[in-house]
Amino acid sequence: MITELKASKLMEVKLTGLFGYPVEHSLSPVMHNTAFKELGLDYLYLPFAVPKAKLAEAVAGIKGLNFEGVNLTIPHKQKVRDYLDELSQEAELIGAVNTVQRCNGKLIGHNTDGKGFLRSLVEEASFTPQDKKVLVIGAGGAARAVSYQLALEEVKELYIANRTLSKAENLATEVGKKLDLNKAEALPLEKGALSSIIKNLDLVVDTTPIGMSPQVEVEPVIEAELLHSNLLVADLVYNPVKTTLLKAAQKAGAETLSGLGMLVYQGAIAFEIWTGQRAPVKVMKEVVQAAITE
Ligand code: NAP
């Protein structure tokens, strides 16, 4: 217990944490504190309920106190950029920051969501995006991170399908232009709209919350009969680990990838930014999985 540490030892504790509103359901504290303990690091990760109006003061506290950095979640991922000194390439492109690093007195904003997704793809599904044909479903914050990362990895064709077509159009145009993609196309998310392209695809990524607990018994986001055995189907939802979409994909003979890996790897990359040490991904995954199934 931290309260049992001697005063001299307490002075050495390096602080990290999560700024958001609300924060009480986050799995990040248990994931990071388990990782710090595993490597014997004197770091601590705390959840901070920071309302919108208090963000500037909270960020000033990162510099003023001995924080190594923090994570940001809803509703701060965009606004926090106004209070930082520098942004990483990913954070700049995605337009959102989920990790702040205090480095030589400066605050640097990173976005580890896209890279976390990529590491999950490569390490858990042995999938390399370069020259592949991919469909991203959804056009919200997670879709931005995934679409930019896939474009940075030089996918051959990027399709973005969304319920609100204009949002998919904006994202596809933006990613296509900024990263000089030959093919970045928007599609409506409606019955029949995906049937002509899906047979040639290598990867489908669902970034919508469809199938997330407690509403697990729902129709998959796309028609099950479109799925085929040459696909890798990834769902960013991690609770449940096997969503209705992943069950349908498995039935069709496709490879599947749960959002649990992205959750763990985006945290692992933040851990590595703060500590400079390789994250103990195995224990992080175990503790998160246990917390989900509790
Ligand atoms: P967001 O910004 O609110 O975007 C949600 C997207 O889903 C929008 O494109 C929205 O379409 C679409 N959508 C929502 N409900 C829908 C429905 N019933 N039918 C069709 N489309 C629907 O949310 P986000 O931050 O991108 O997060 C999305 C999901 O990803 C959440 O479940 C979140 O938990 C998960 N996520 C997981 C990780 C991870 O580490 N595994 C990381 C980030 C996010 P419209 O534009 O038409 O509203």
Side-chain angles (χ1 to χ4, degrees), residues 18 20 22-23 25-28 31-32 71-79 90-91 94-99 110-121 123-125 135-150 159-172 174-175 186-191 193-194 204-223 233-246 256-271 279 281 284-285 288-289 291-292:
L18 175 67
V23 285
H25 299 298
S26 172
L27 297 172
S28 294
M31 177 168 74
H32 282 289
N71 285 139
L72 282 306
T73 187
I74 291 167
H76 302 313
K77 285 183 170 187
Q78 281 92 27
K79 185 66 186 165
E90 287 84 6
I94 297 164
V97 166
N98 76 341
T99 302
H110 300 264
N111 192 310
T112 67
D113 278 339
K115 276 188 176 161
F117 175 69
L118 177 67
R119 221 156 121 181
S120 169
L121 266 186
E123 298 200 13
E124 297 182 310
L135 166 66
V136 174
I137 304 174
R144 288 185 69 80
V146 166
S147 299
Y148 269 111
Q149 196 65 46
L150 290 172
Y159 299 90
I160 301 175
N162 196 41
R163 182 176 60 179
T164 310
L165 180 59
S166 59
K167 278 169 72 181
E169 286 171 340
N170 290 343
L171 182 56
E174 189 190 310
V175 175
L187 297 160
L189 185 56
E190 53 192 37
K191 224 173 167 51
L194 305 175
V204 172
V205 189
D206 182 10
T207 74
T208 74
I210 295 173
M212 186 164 74
S213 178
Q215 253 124 29
V216 296
E217 297 302 331
V218 289
E219 285 295 308
V221 67
I222 52 173
E223 302 97 288
V233 179
D235 198 328
L236 298 201
V237 167
Y238 51 82
N239 186 11
V241 173
K242 196 122 274 180
T243 58
T244 173
L245 174 66
L246 296 191
T256 62
L257 183 67
S258 155
L260 186 70
M262 176 177 173
L263 176 71
V264 170
Y265 283 110
Q266 62 76 30
I269 296 166
F271 179 100
V281 172
M284 292 168 83
K285 199 180 282 180
V288 167
Q289 191 143 23
I292 290 171

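FYI, the numbering just counts along the sequence from 1. Note that the structure is a prediction, hence the values are computed from the model and not measured. Order of listing sets the numbers, starting from 1, for every ligand and every atom in it.
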**Request:** Determine, stepwise, if the pair Val233 / Leu245 fulfils side-chain contact (heavy atoms from CB on, under 4.5 Å).
**Result:** CA-CA 8 Å; Val233 179; Leu245 174 66; 3.8 Å; yes
**Asked** Which ligand 1 atoms does Ala139 reach within 4.0 Å, using its non-hydrogen atoms?
**Response** 9 (O)
**Complete:** If we number the atoms of ligand 1 from 1 as shown, the ones under 4.0 Å from a heavy atom of Gly138 are 9 (O)
**Complete:** Here the atoms of ligand 1 under 4.0 Å from any heavy atom belonging to Lys167 are 45 (P), 46 (O), 48 (O)
**Request:** Just need the protein heavy atom nearest to atom 28 (C) of ligand 1, so name the residue and atom and give the distance.
**Result:** Thr207 O, 3.0 Å
**Residues which pass ring-ring contact (aromatic ring centres under 6.0 Å, His included) with Phe271, listed by chain and number, not counting sequence neighbours** = Phe36
**Message:** Tell me the protein heavy atom at minimum distance from atom 24 (P) of ligand 1, and give that distance in Å.
**Reply:** Ala142 N, 3.8 Å
Donor-acceptor pairs under 3.5 angstrom involving side-chain atoms of residues 210-218: please list them, not counting sequence neighbours.
none

**Request:** Could you give me the CA-CA distance, side-chain angles and deciding distance for Ile94 and Asp113, then say whether side-chain contact (heavy atoms from CB on, under 4.5 Å) is met?
**Result:** CA-CA 10 Å; Ile94 297 164; Asp113 278 339; 5.9 Å; no
**Item:** Per-atom contacts of ligand 1 with Tyr238, taking only distances under 4.0 Å to non-hydrogen atoms
**Value:** 41 (N)
**Message:** Please find the pair of heavy atoms, one from Leu236 and one from Ala142, that lie closest to each other, and give the distance.
**Reply:** CD1-CB, 3.6 Å
**Prompt:** Please state which protein non-hydrogen atom is closest to atom 5 (C) of ligand 1 and give its distance, to 0.1 Å?
**Reply:** Pro209 CD, 4.3 Å
**Message:** Using a 4.0 Å cut-off to any heavy atom of Leu263, which atoms of ligand 1 qualify?
**Reply:** 39 (C), 40 (O), 41 (N)
**Message:** Can you report which non-hydrogen protein atom sits closest to atom 11 (O) of ligand 1, along with the distance?
**Reply:** Asn162 OD1, 3.2 Å
**Prompt:** What residue and atom, counting heavy atoms only, is the protein's closest point to atom 4 (O) of ligand 1, and at what distance?
**Reply:** Gly140 CA, 3.4 Å
**Prompt:** Minimum heavy-atom separation for Leu194 to Pro188, with atom names?
**Reply:** CD2-O, 4.4 Å
**Minimum heavy-atom distance Val281-Ala268, with the two atoms named** = CG2-CB, 4.1 Å
**Prompt:** Heavy-atom distance to atom 45 (P) of ligand 1: which of Leu189, Thr164, Leu236 wins?
**Reply:** Thr164
**Asked** When you measure from atom 48 (O) of ligand 1 to every protein heavy atom, which one gives the shortest distance, and what is it?
**Response** Arg163 NH2, 2.9 Å
**Asked** Does the protein place any heavy atom closer than 4.0 Å to atom 22 (C) of ligand 1?
**Response** yes
**Request:** Would you mind checking which non-hydrogen protein atom is closest to atom 33 (C) of ligand 1, with the distance to 0.1 Å?
**Result:** Met212 SD, 4.9 Å
**Asked** Is the count of non-hydrogen atoms from other residues, nucleotides or ligands lying under 6.0 Å from Glu123 atom CD greater than 12?
**Response** yes
**Asked** Which is it for Lys191 and Glu223 under the side-chain contact (heavy atoms from CB on, under 4.5 Å) test, yes or no, and what are the steps along the way?
**Response** CA-CA 7 Å; Lys191 224 173 167 51; Glu223 302 97 288; 3.6 Å; yes
**Prompt:** Quick one: do the Thr243 and Asp235 side chains pair a donor with an acceptor below 3.5 Å?
**Reply:** yes
**Request:** Among all protein heavy atoms, pick out the one at the shortest distance from atom 42 (C) of ligand 1; state its residue, atom name and that distance to 0.1 Å.
**Result:** Met262 CE, 3.6 Å
**Message:** Using heavy-atom distances only, which candidate in Leu171, Asp235, Thr208, Asn239 approaches atom 12 (C) of ligand 1 most closely?
**Reply:** Thr208
